[in-house]
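One is the number of the first residue; the rest follow in order along the sequence. Note that the structure is predicted; figures quoted are calculated from it, not measured. The figures that follow rest on heavy atoms only: side chains count, while hydrogens, waters and symmetry mates do not. As the structure lists them, so they are numbered: ligands from 1, and atoms in each ligand from 1.
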Amino acid sequence: MTIVDQIIDLLSNHGGDLYFGEQVTEAEHALQCAHLASQSGAEPNIVAAALLHDIGHLLHGLGENIANHNIDGKHEDVGSVWLQGHFPQLILDCVRLHVDAKRYLTATEPGYLEDLSLASKKSLELQGGPFSPQEITEFEANEPFYKEAVQIRRWDDEAKVVGLKVPPVERYRELLESVVISK
Ligand SMILES: [Fe+2]
Ligand SMILES: [Fe+2]
């Protein structure tokens, strides 16, 4: 199977667990996130990153509700490492940084933390909480794609609408093929 086949298989057949204490499944969350990116006119790399940002949840086998067991599965690293070699750095970094982007936004944007869902607030604690001033500076200085990661984070936070109809994963096959660097 090519990497794109594997991604489509994961989201089609293994994305049925509820997403991290929310009322949508992992697959619904990924597809809503990609759809929001696509609707905003984002370039294919960004749409792909939105689709793939939580792929680590489908890979590490810990399933749903890991925050409730006080385990930080580091799904952002699991996902990014799995995609390495197949997708450009922008996508890998957006996947790897989507948790840090939440920590960044909670520290820099008034009201952001309050608006997070309960599950997202809960996982934030395990993920280290809001960035310190030094972490903010380092994030901006050391991560060339931090703005893209922050943008994806905003769609990530919105992509939890129960029952929302969005295009299926097959609709992203061509887009994924267009950004892949090695099958
Ligand atoms: Fe995530
Ligand atoms: Fe997510």
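- Here H98 meets the criterion, with an N, O or S atom under 2.8 Å of the Fe ion (ligand 1).
- At least one N, O or S atom of H29 sits under 2.8 Å from the Fe ion (ligand 2).
- In summary, D5 and K183 do not engage in a salt bridge, as defined by a charged side-chain N under 4.0 Å from a carboxylate O.
- Centroid-to-centroid, the aromatic rings of H53 and H29 come within less than 6.0 Å.
- Among the atoms of H53, no N, O or S atom falls under 2.8 Å of the Fe ion (ligand 1).
- Between R153 and D156 a salt bridge is recorded (basic side-chain N to carboxylate O distance below 4.0 Å).
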*When you look at H57 and H14, which way does the ring-ring contact (aromatic ring centres under 6.0 Å, His included) test go after all the steps?*
CA-CA 10 Å; H57 276 316; H14 304 279; over 10 Å; no
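- With the Fe ion (ligand 2) as vertex, D156 OD1 and Y19 OH subtend 90°, rounded to 10°.
- As for D54, its N/O/S atom nearest the Fe ion (ligand 1) is the one called OD1.
- Salt-bridge formation is detected for the pair E109/R154: a Lys NZ or Arg NE/NH1/NH2 atom is positioned less than 4.0 Å from an Asp or Glu carboxylate oxygen.
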